[in-house]
Amino acid sequence: MKILLLGSGGRESALAWKINQSPLTEKLFIAPGNGGTDAYGTNVALSPLDFEAVKDFVVAESIDMIVVGNEDPLVAGIYDFMGRELPSVLVVGPSKEGARLEGSKDFAKQFMAENSIPTARYRSFTAATADEGCEFLSTLNPPYVLKADGLAAGKGVLIIDSLEEACRSLREMLSGMFGGASATVVVEEFLSGIECSVFVLTDGNGSYRVLPVAKDYKRIGEGDTGLNTGGMGAVSPVPFADAEFMEKVRTRIIEPTIKGLSARNIVYRGFIFLGLINVGGEPMVIEYNVRMGDPETEAVMLRVDSDLVGLMKAAAAGDLGDLELRHSPQASATVMMVSGGYPGSYPKGKVITGVGDVTDSIVFHAGTSRGDNGDLLTSGGRVLAVSSLGDTLAEALEKSFGSIGRINFDGAYFRRDIGRDVMK
Ligand code: AMP
Ligand code: GLY
């Protein structure tokens with residue numbers, strides 16, 4: 001098959017790495033890709049949001065399947081657009097209506113309520129109901145959770161200790177703190193527990209497969225302190241997500257989600273990302289995303305022992321049939337090397353050395369580019385996702401840290417405590 005993968009981050013690097021290994025892959029293009037994805041296919045300078053340009057490319061190169069890495073094109077309706085314009089091309093991802101599970105937190109909460117899927121108690125407010133929002137806040141226990149309804153580049157969730165400040169922030173959000181994304185705000189109960197990420201591939205006709213479970217690390221500082229980032233690392237498996245926990249996830253969350261989509265006639269042939277929290281052994285949904293996670297994908301792909309292209313093709317065509325999705329018994333760990341200063345301002349264009357010396361890990365590029373002389377340069381906050389397999393999580397982590405020791409760029413930072421909380 002000829003495949004076009006949309007996106008440019010570490011997640012897309014890991015997907016490209018996996019797609020490139022498939023016997024079904026004849027040619028892989030990555031748009032726009034990054035300084036590392038060209039090892040697995042051909043980078044194409046296209047914006048995934050420019051649907052007309054994507055269409056022209058798909059026609060020109062006779063692409064058979066589009067894999068959408070990030071949420072923006074899905075929320076903007078790329079599935080529906082391609083379905084109208086090029087109905088014979090497979091698209092891995094939900095329809096625009098299905099992408100609302102991520103694109104609108106209010107929609108996601110309504111959907112969960114409708115399908116009795118366990119999640120935090122909530123109400124939604126707009127500028128017209130801000131006073132009621134403050135009243136509702138006063139019925140909850142601190143800390144208070146405020147979520148912008150729309151996409152806000154991962155920054156739209158505030159967790160606030162004081163009631164007075166929460167009420168003030170609610171009003172600020174409603175008057176444009178995140179632009180149109182916070183014209184509606186979901187106020188919800190705070191859930192206390194440890195989080196994990198469950199990824200499901202569904203064919204939209206009732207069948208699904210569960211990928212290896214992962215846990216990501218969002219904060220910049222060790223011990224989960226400091227500002228939120230796009231993700232500082234991930235591990236898989238997650239010891240607390242054992243067979244008993246996963247059975248609850250299947251019966252209480254995955255199956256009601258799939259039934260709920262079909263009850264609403266929502267077309268959804270792609271990945272569903274369940275952001276879960278373990279509250280005293282009971283899984284509850286923190287959020288839905290409509291694509292794979294980053295940096296979880298970098299760890300998860302190392303543990304997928306089946307041909308992902310065959311699975312994605314079957315899902316996008318609407319019938320997973322009896323295809324298996326086997327999980328490697330090994331553990332995997334991804335540690336992100338980021339630019340000094342990130343997630344605040346940081347320099348770009350620093351020369352990266354040593355990646356070629358790494359033997360024990362796979363170094364997925366996230367924010368890299370090539371200089372005119374071929375040098376590998378930093379081009380983003382999150383630069384490299386150093387990913388390893390091991391017989392245990394401890395061994396996988398040791399390999400990633402060892403590999404990081406061989407890589408250098410000015411200002412490089414990483415967290416040394418990735419995975420420590422789940423190994424206790
Ligand atoms: P989200 O953008 O929905 O993933 O939220 C960002 C982060 O905020 C989540 O990964 C959680 O760590 C945290 N969070 C969101 N909602 C809640 C909640 N109801 N209770 C506790 N933590 C939450
Ligand atoms: N790692 C969380 C996300 O991809 O949204």
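The model shown is predicted, which means the values in this text are computed figures rather than measured ones. Ligands are counted one by one from 1 in listed order, and the atoms in each one are counted from 1 as well.
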Checklist entry - Using the ring of each side chain (for Trp, its six-membered ring), is F125 parallel, tilted or perpendicular to F136, with breaks at 30° and 60°? => result tilted

Checklist entry - Ring centroid separation for Y79 and Y268, is it under 6.0 angstrom? => result no

Item to check | Whether F111 and Y288 hold their rings parallel, tilted or perpendicular, with breakpoints at 30° and 60° | outcome: perpendicular

Item to check | Sub-4.0 Å heavy-atom contact, I159 with ligand 1 | outcome: yes

Next on the checklist: Going by side-chain hydrogen bond (donor to acceptor under 3.5 Å, both in side chains), name the residues that satisfy it together with K2, two or more places apart in sequence or in a different chain.
Outcome noted: none

Checklist outcome for this item: Of all protein heavy atoms, the one nearest atom 19 (N) of ligand 1 is E188 OE2, 2.7 Å

Checklist outcome for this item: Residue set satisfying ring pair (Phe, Tyr, Trp, His ring centres under 6.0 Å) with F271, at least two apart, ordered chain then number -> none

Checklist entry - Numbering the atoms of ligand 1 from 1, which are under 4.0 Å from a heavy atom of K147? => result 3 (O), 15 (C), 16 (N)

Item to check | Interatomic distance, F240 atom CZ to M246 atom CE [nearest 0.5 angstrom] | outcome: 10.0 Å

Checklist entry - Just by distance, with hydrogens left out, do E324 and S306 show a side-chain donor and acceptor under 3.5 Å apart? => result no

Checklist outcome for this item: atom 22 (N) of ligand 1: closest protein heavy atom, distance to 0.1 Å, is F190 CE1, 3.8 Å

Next on the checklist: Would you say S124 and D106 are linked by a side-chain donor-acceptor pair, where the criterion is simply a distance under 3.5 Å?
Outcome noted: yes

Next on the checklist: Among M284, E102, E287, K218, which one puts a heavy atom closest to atom 1 (P) of ligand 1?
Outcome noted: E287

Would you mind writing out a table of all protein N or O atoms found under 3.5 Å from any N or O atom of ligand 2, naming both atoms and giving the distance to 0.1 Å?
| unit_1 | atom_1 | unit_2 | atom_2 | d |
| --- | --- | --- | --- | --- |
| ligand 2 | 1 (N) | D216 | OD2 | 2.7 |
| ligand 2 | 1 (N) | D294 | O | 2.9 |
| ligand 2 | 1 (N) | E296 | OE1 | 2.7 |
| ligand 2 | 1 (N) | E296 | OE2 | 3.2 |
| ligand 2 | 4 (O) | R291 | NH1 | 2.8 |
| ligand 2 | 4 (O) | D294 | N | 3.0 |
| ligand 2 | 4 (O) | D294 | O | 3.4 |
| ligand 2 | 5 (O) | R291 | NH1 | 3.3 |
| ligand 2 | 5 (O) | R291 | NH2 | 3.0 |

Next on the checklist: Parallel, tilted or perpendicular: which one describes the rings of F414 and F401, with boundaries at 30° and 60°?
Outcome noted: tilted

Item to check | Residue and atom name of the nearest protein heavy atom (relative to atom 17 (C) of ligand 1), distance in Å to one decimal | outcome: I286 CD1, 3.5 Å

Checklist entry - What residue and heavy atom of the protein are closest to atom 9 (C) of ligand 1, and at what distance? => result E195 OE1, 3.6 Å

Next on the checklist: Give me the nearest non-hydrogen protein atom to atom 21 (C) of ligand 1 as residue plus atom name, then the distance to 0.1 Å.
Outcome noted: L191 O, 3.1 Å

Checklist outcome for this item: atom 7 (C) of ligand 1 has as its nearest protein heavy atom V157 CG1, 4.6 Å

Checklist entry - Mind checking what makes side-chain contact (heavy atoms from CB on, under 4.5 Å) contact with N408, not counting sequence neighbours? => result T353

